[in-house]
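Comments concern the structure below.
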Amino acid sequence: MVDVFRHDVVIVGGGGAGLRAAIAISEAQPGLSIALVSKVYPMRSHTVSAEGGAAAVAREDDSLEMHAYDTVKGSDFLGDQDVIQYFVEQAPKELTRLEHWGCPWSRNEDGTVSTRAFGGMTTKRTWFATDKVGFHMLHTLFQTSMKFGDIDRYDEHFVTKLLVDDGDCRGVAALDMRTGEMKAVLGRAVILATGGGGKVWPFTTNGNIKTGDGMALAYREGVALKDMEFVQYHPTGLPGTGILITEATRGEGGYLLNSEGERFLTTRDYGVGTKAELGPRDMISRAITQEIAAGRGVKVPGKIGQYSHLDLRHLGEEKIDSRLPFVRELSRTYANVDPVHEPIPIRPVLHYMMGGVDTDIDGATELGGLYAAGETACVSLNGANRLGSNSLTECLVFGARAGEHAVQYIQGAAAGDEARFVAQVEAEASRVEELRGRRRGGEKVSKVRESLNDAMEAGTGVYREQASMAKAVAAVAAVKASYEEVSLDDTSKVFNTELIAVLELANMLDVAETVATAAVNRKESRGAHACSDFPTRNDSEYLHHSLVHHTPEGPRFDKKDVTLGVWEPEERKY
Ligand SMILES: Cc1cc2nc3c(=O)[nH]c(=O)nc-3n(C[C@H](O)[C@H](O)[C@H](O)COP(=O)(O)OP(=O)(O)OC[C@H]3O[C@@H](n4cnc5c(N)ncnc54)[C@H](O)[C@@H]3O)c2cc1C
């Protein structure tokens, strides 16, 4: 028999979106019982590593309309304009609320909140707390969540399955990593806030826990994933490790240089116009890739490959230490350069997934009782390319909205037949047990993961070709087959990290399959999807979201209309 835990709402994920949802539920209806399930202690969620900042209109020279237009244009007209409108309206309220809860935003001399420039944004609207923004935001949310006695945390519990009966989602099966026991955590609504899946690629800024679990959980229960072909390469990762050097470096005035010391974004036409280093991420990543392809990359011996330079020297030591202290620390520790005296080596690195679980503006999915928010969701704020610093704010705005709507939903929702959910968890316990003792073809999980990483890097990089994308689809299918041959060395029940890695790999494989197939299907270039065979945007055929459903025969594709509004699609030029 598995242990059963009953709540009103179950949230999976203790990052920015999950914690914000939990607080919203507690505030909307005090006394509701909330389960917060997380595979890591909440403060270790990836939100903690965000450096640069969170966007919201704050200055007199700015307006909600400008923030909305920048986001629409940044999305290459694939963002839903009603969602974007709601987002920009709520953003200043959310960041101010965070301040009232204790978030130490950096200040101007006169005491007002300081904002910095970010790529694709017309004016300075990115709020920051030096360059450790995610840490301060997550800490604020985590501490605030502790005020509410009705949030029960299930830390270090790994969710392996959504519990669905008769078209309604009513809880999760969770593996207690400390004991190896499976638990039934039941509620009348479930909110997925499980973050992205950057670990599907080998060279990424993402932490090891970002394996796309929530996307795979929803997908397997028949919920569509949306716009999966759009993944963001951040222009400035440290070669070798992929550690992020925040866009705030360019917001504070940093330059990008090629091997000839030329500031190529100002001397060559890469479509970013006078924005130069403050162009959007998709365009700057392409510019760096082209510079390297044209032989103007900085060459180093060994395996690391070529890169460009990010030059901060002209900012001076005082500014670097007050605004970008973490960047200095990271550069010294991981690249052995001091940005006060030397340029930092950088190159594009996989950073973020625009796609995710298809939701409406309330965070609701097509499955009754199932919501999603944050990076795991695709509410269609970011379209084909996210603007830096919109994501942290997205976690707050849509985490809160999903929480509030889940509260409304459960008012009329029956708990369902508990015995049937418990039976599902028991079946899940047997499946996981079988996996734990598995001795099959002798494949190592690390090797299978590497093959997956290689396939995705080759097929879904900054530039994509039909042939290489099709090859990636076939390669992912082959890796999926080899997954069945995985064997585990560790058979223990207590903190069996090898078992967790095997469960995560299955999720990554599902996510990878949807990304690669969605990429082949979109025969145009839009935002982060730069397809060499179809170099231009094709609104007459592809101005739509792509939806992918799981079927036993493989992914099935559908279209969904983009919600346009005041801005008609136009050529995206800066
Ligand atoms: C290095 C870095 C810097 C960034 N900087 C910025 C920035 O400056 N500004 C900005 O706007 N955006 C930034 N981003 C993006 C932004 O930080 C993320 O998109 C956002 O924080 C995601 O938050 P989240 O709550 O959706 O998920 P996460 O913070 O990733 O949290 C996911 C949660 O889900 C839980 N979880 C996952 N799977 C399971 C499972 N199977 N069972 C149980 N629990 C599970 C995890 O334990 C975790 O608690 C950055 C991203 C990175 C990687």
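Whatever order the structure lists them in is the order used to number ligands and atoms, beginning at 1. In this text, all values refer to a predicted model and were calculated from it rather than measured experimentally.
Among all non-hydrogen protein atoms, the one lying nearest atom 47 (O) of ligand 1 is Ser38 OG, 2.7 Å. Of all protein heavy atoms, the one closest to atom 9 (N) of ligand 1 is Gly53 O, 2.8 Å. Closest to atom 38 (N) of ligand 1 among all protein heavy atoms lies Asp213 OD2, 3.2 Å. Considering only non-hydrogen protein atoms, atom 29 (O) of ligand 1 sits nearest to Thr47 OG1, 2.5 Å. Nearest to atom 44 (N) of ligand 1 among the protein's heavy atoms is Lys39 N, 2.9 Å. Atom 26 (O) of ligand 1 has its closest protein heavy atom at Glu375 N, 2.9 Å. If you check which protein heavy atom lies closest to atom 48 (C) of ligand 1, you get Ser45 OG, 3.3 Å. For atom 35 (C) of ligand 1, the closest non-hydrogen atom on the protein side is Gly13 CA, 3.5 Å.
Close approach of ligand 1 to Val40 is summarised as follows: ligand atoms under 4.0 Å from at least one heavy atom of the residue are 47 (O). Interface atoms of ligand 1 facing Ala17, defined by a heavy-atom separation under 4.0 Å, are 25 (O). Close approach to Gly195 involves these atoms of ligand 1, each under 4.0 Å from a residue heavy atom: 26 (O), 27 (O), 30 (O), 32 (C). Less than 4.0 angstrom separates some heavy atom of Ala193 from each of these atoms of ligand 1: 32 (C), 33 (C), 34 (O). Set against the non-hydrogen atoms of Gly52, the atoms of ligand 1 under 4.0 Å away are 8 (O). Residue Gly374 approaches ligand 1 through these ligand atoms, each under 4.0 Å from one of its heavy atoms: 26 (O). For ligand 1, the atoms sitting less than 4.0 Å from at least one non-hydrogen atom of Gly14 are 33 (C), 48 (C), 49 (O), numbered in the order shown with element in parentheses. Near His157, the atoms of ligand 1 lying under 4.0 angstrom from a non-hydrogen atom of the residue are 42 (N), 43 (C).
Ligand 1 has no nitrogen or oxygen under 3.5 angstrom from a nitrogen or oxygen of Phe118. Polar contact with ligand 1: absent for Phe158 (N/O pair, distance under 3.5 Å). Here's the thing with Ala50: none of its N/O atoms is less than 3.5 angstrom from an N/O atom of ligand 1. Ligand 1 has no nitrogen or oxygen under 3.5 angstrom from a nitrogen or oxygen of Ser49. Polar contact with ligand 1: present for Ser391 (N/O pair, distance under 3.5 Å). Every N/O-N/O distance between Tyr352 and ligand 1 stays at or above 3.5 Å. In terms of polar-atom proximity, defined here as any N/O pair under 3.5 Å, Leu392 does make such a contact with ligand 1. Considering backbone and side-chain N/O of Asn206, none are found under 3.5 Å from N/O of ligand 1.
No salt bridge links Asp131 with Arg323; every basic N to acidic carboxylate O contact stays at or beyond 4.0 Å. A salt bridge does not link Glu504 with Lys199: every distance from a Lys NZ or Arg NE/NH1/NH2 to an Asp or Glu carboxylate oxygen is 4.0 Å or more. Using a 4.0 Å cut-off between a side-chain N of Lys or Arg and a carboxylate O of Asp or Glu, Arg431 and Glu428 qualify as a salt bridge. For the pair Asp510 and Lys480, the salt-bridge criterion is met [side-chain N within less than 4.0 Å of a carboxylate O]. With salt bridges taken as basic N to acidic carboxylate O contacts below 4.0 Å, none links Glu404 and Arg401. Salt-bridge formation is detected for the pair Arg107/Glu99: a Lys NZ or Arg NE/NH1/NH2 atom is positioned less than 4.0 Å from an Asp or Glu carboxylate oxygen.
Under a cutoff of 6.0 Å and an axis angle of 45°, Arg281 and Tyr352 do not form a cation-pi pair. For the pair Arg170 and Phe421, the NZ or CZ position fails the cation-pi test of under 6.0 Å to the six-membered ring centre and within 45 degrees of the ring normal.
No heavy atom of Gly134 sits closer than 4.0 Å to any atom of ligand 1.
Among the candidates Thr236, Leu312, Leu244, the single residue satisfying the side chain to side chain contact (heavy atoms under 4.5 Å, CB included) test with Val327 is Leu312.
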